[in-house]
Amino acid sequence: MTPSNPPRDESTTAHLDSTAHLMNRISSQLASQLSLVSLNGRRRPGPPALVVVAHGSRDPRALSTVRTLLDRIREQRPGLPVHLGHIELNAPLLPDTLATLATREAVLVPLLLSRGYHIKRDIPEMAAESQVRARVSGALGPHPLLVDALYDRLVEAGWRTRMGEATRRRSAVVLAAAGSRDPESKVDTNRTAQLLAERLGVPVVPAYATTAAPTVPDAICALTARGHDRVAVASYFTAPGRFATECAEAAPWIASAPLGTHPAMARLVLHRYDQSLATPAATATPRGAGNCAISHTRPALAI
């Protein structure tokens, strides 16, 4: 008679997994601290801080999403000081975050998907009023990594990765964005829509929750009138909120989740950070800006 295997103790396994995870975190943190010490015992200068600048939202899910994204960034770049600052509505506000950094060097990466007033004026002016030696990166988009995230979110929502030609002709996507009065914001969103259309092989129409036209319902109606009865809404928002919810509710078929904590988002934030440090800063600054270097170059599409 063959003896049976002893039952597996799940609680012991879970405990060991938790302990291993904790030891990995401690080892990572210790390695990052040791990397700041040279052979002669003197502390090496650390890298400039990364300040992720979120817009802010009354929806509590937005703050939770952004905080989780920052954890993902820290996991990808141990030893990099990562901070959060909001333009409005949520704490910490950007000026308060910059005040804690005193005169340190920092790169501000807006968690915004296209150019607009916040990137051109609000964030640089807040940085200029602080003592921080700051660089402000460009918007996250357009960029292929955003297209990767949009594609994956659509697939999660039910988009077929393979479809027949008849189904493809009936299908289309509305790229739902927040909207801005800045014409360059529409240029950036249009470019993302083009990249997503190339990836999906179906029409992708950019539309907006506020300020700009067309609205999401208008874009859906226009596509339906052209014979597209399978219209998906791709949520081009960094986190959940009122606009993202309203756009999803307008979807006649499927609607994807906001980009949120998709792995491509953390990679893209770090890419913008590295890009800002590698690119000579523009000389133009807002009036009174002493410590703020602002890049006005259009974000590159390749990494």
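Just the heavy atoms: all of them, side chains too, but no hydrogens, waters or symmetry mates, feed the values below.
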Exercise. Any side-chain heavy atom of V53 within less than 4.5 Å of one from V136?
Worked result: no
Exercise. What are the two closest non-hydrogen atoms of L63 and A91, and how far apart are they?
Worked result: CD1-O, 4.3 Å
Seminar exercise, completed: ring-ring contact (aromatic ring centres under 6.0 Å, His included) pairs touching residues 163-182, sequence neighbours excluded, are none
Exercise. Name the one of L111, L259, L84, V52 that satisfies side-chain contact (heavy atoms from CB on, under 4.5 Å) with L69?
Worked result: L111
For this session: Enumerate the residue pairs fulfilling salt bridge (charged side-chain N to carboxylate O under 4.0 Å, His left out) with a member in residues 229-241, sequence neighbours excluded, ordered by first and then second residue.
Result: R170-D229
Seminar exercise, completed: Rounding to 0.5 Å, atoms CG (L50) and OG (S137) come to a distance of 8.5 Å
For this session: For residues I87 and I123, determine if any side-chain heavy atom of one lies less than 4.5 Å from a side-chain heavy atom of the other.
Result: yes
Exercise. Which residue pairs pass the side-chain hydrogen bond (donor to acceptor under 3.5 Å, both in side chains) test with at least one member in residues 232-244, sequence neighbours excluded?
Worked result: T192-Y236, R242-E246
Exercise. If two hydrophobic side chains count as joined below 4.5 Å and joins carry through other members, does L89 share a cluster with L98?
Worked result: no
Exercise. Sequence neighbours excluded, which residues qualify as side-chain hydrogen bond (donor to acceptor under 3.5 Å, both in side chains) partners of D96?
Worked result: none
Exercise. Is any NZ, NE, NH1 or NH2 atom of the basic residue among D274 and R77 found under 4.0 Å from an Asp or Glu carboxylate oxygen of the other?
Worked result: yes
Problem set entry | 4.5 Å side-chain heavy-atom contact, H118 and P110 | no
Exercise. Nearest 0.5 Å, what's the OG1-CZ distance between T167 and R160?
Worked result: 5.5 Å
Problem set entry | Gap separating the CZ atom of R67 from the CG atom of N90, nearest 0.5 angstrom | 8.0 Å
For this session: Scan V66, T68, L70 and name whichever one has a side-chain contact (heavy atoms from CB on, under 4.5 Å) with T261.
Result: T68
Exercise. Tell me, do L270 and V109 make a side-chain contact under 4.5 Å, heavy atoms counted?
Worked result: no
Seminar exercise, completed: Apart from F237 itself, its cluster of hydrophobic side chains linked below 4.5 Å comprises F243
Exercise. In chain order, what residues pass the side-chain hydrogen bond (donor to acceptor under 3.5 Å, both in side chains) check against E88, with sequence neighbours excluded?
Worked result: H55
Problem set entry | Shared hydrophobic cluster for L175 and L200 (ILVMFWY, side-chain gaps under 4.5 Å) | yes
Exercise. Going by heavy atoms in the side chains, are L150 and L195 under 4.5 Å from each other?
Worked result: no
Exercise. Where is the tightest heavy-atom contact between G116 and S180, given as atom of each residue plus distance?
Worked result: CA-OG, 4.4 Å
For this session: Sorted by first residue and then second, give each ring-ring contact (aromatic ring centres under 6.0 Å, His included) pair with at least one member in residues 79-111; sequence neighbours left out.
Result: none
Exercise. Which pairs pass ring-ring contact (aromatic ring centres under 6.0 Å, His included) with one or both residues in residues 147-205, sequence neighbours excluded?
Worked result: W159-W253
Exercise. Can you list the other members of the hydrophobic cluster that holds I220, where links are side-chain heavy atoms under 4.5 angstrom apart?
Worked result: V174, V205, V216, L223, V231, V233
For this session: Not counting sequence neighbours, list each pair that qualifies as a salt bridge (charged side-chain N to carboxylate O under 4.0 Å, His left out) and has a residue in residues 99-110.
Result: none
Exercise. Where do A213 and K186 come nearest, in terms of heavy atoms and distance?
Worked result: O-NZ, 2.8 Å
Exercise. Given side chains that start at C-beta, do those of L94 and D122 come closer than 4.5 Å, heavy atoms only?
Worked result: no
Exercise. Where do R61 and T245 land on the side-chain contact (heavy atoms from CB on, under 4.5 Å) test, with the steps shown first?
Worked result: CA-CA 12 Å; R61 296 174 298 170; T245 299; 3.4 Å; yes
Problem set entry | Minimal non-hydrogen separation, V51 against A106, with atom names | CG2-CB, 4.2 Å
Exercise. What distance do R272 atom CZ and H143 atom NE2 have between them, rounded to the nearest 0.5 Å?
Worked result: 5.0 Å
For this session: Please list, chain by chain and in numerical order, all residues satisfying side-chain hydrogen bond (donor to acceptor under 3.5 Å, both in side chains) with S57, sequence neighbours excluded.
Result: none
Exercise. Looking only at heavy atoms, what is the nearest atom pair of D148 and H262, with distance?
Worked result: O-NE2, 4.2 Å
Exercise. CG of L146 to CE of M265: how many Å apart, nearest 0.5 Å?
Worked result: 6.0 Å
Problem set entry | Sequence-distant partners of T65, side-chain hydrogen bond (donor to acceptor under 3.5 Å, both in side chains), two or more places apart | none
Exercise. In terms of hydrophobic clusters joined by side-chain contacts under 4.5 Å, are L196 and V155 together?
Worked result: yes
Seminar exercise, completed: For A219 and A207, the nearest pair of non-hydrogen atoms, with its separation, is CB-CB, 3.7 Å
Exercise. Side-chain contact, heavy-atom cut-off 4.5 Å: T224 with P252?
Worked result: no
Problem set entry | Salt bridge present between D71 and R74 (N-O < 4.0 angstrom) | yes
Problem set entry | Distance in Å, R153 CZ paired with I254 CD1, rounded so as to fall on 0.5 Å steps | 13.5 Å
Exercise. Heavy-atom distance under 4.5 Å between the side chains of Y273 and P47, does that happen here?
Worked result: yes
Exercise. Side-chain heavy atoms under 4.5 angstrom apart, residues restricted to Ile, Leu, Val, Met, Phe, Trp, Tyr: same cluster for Y117 and L93?
Worked result: no
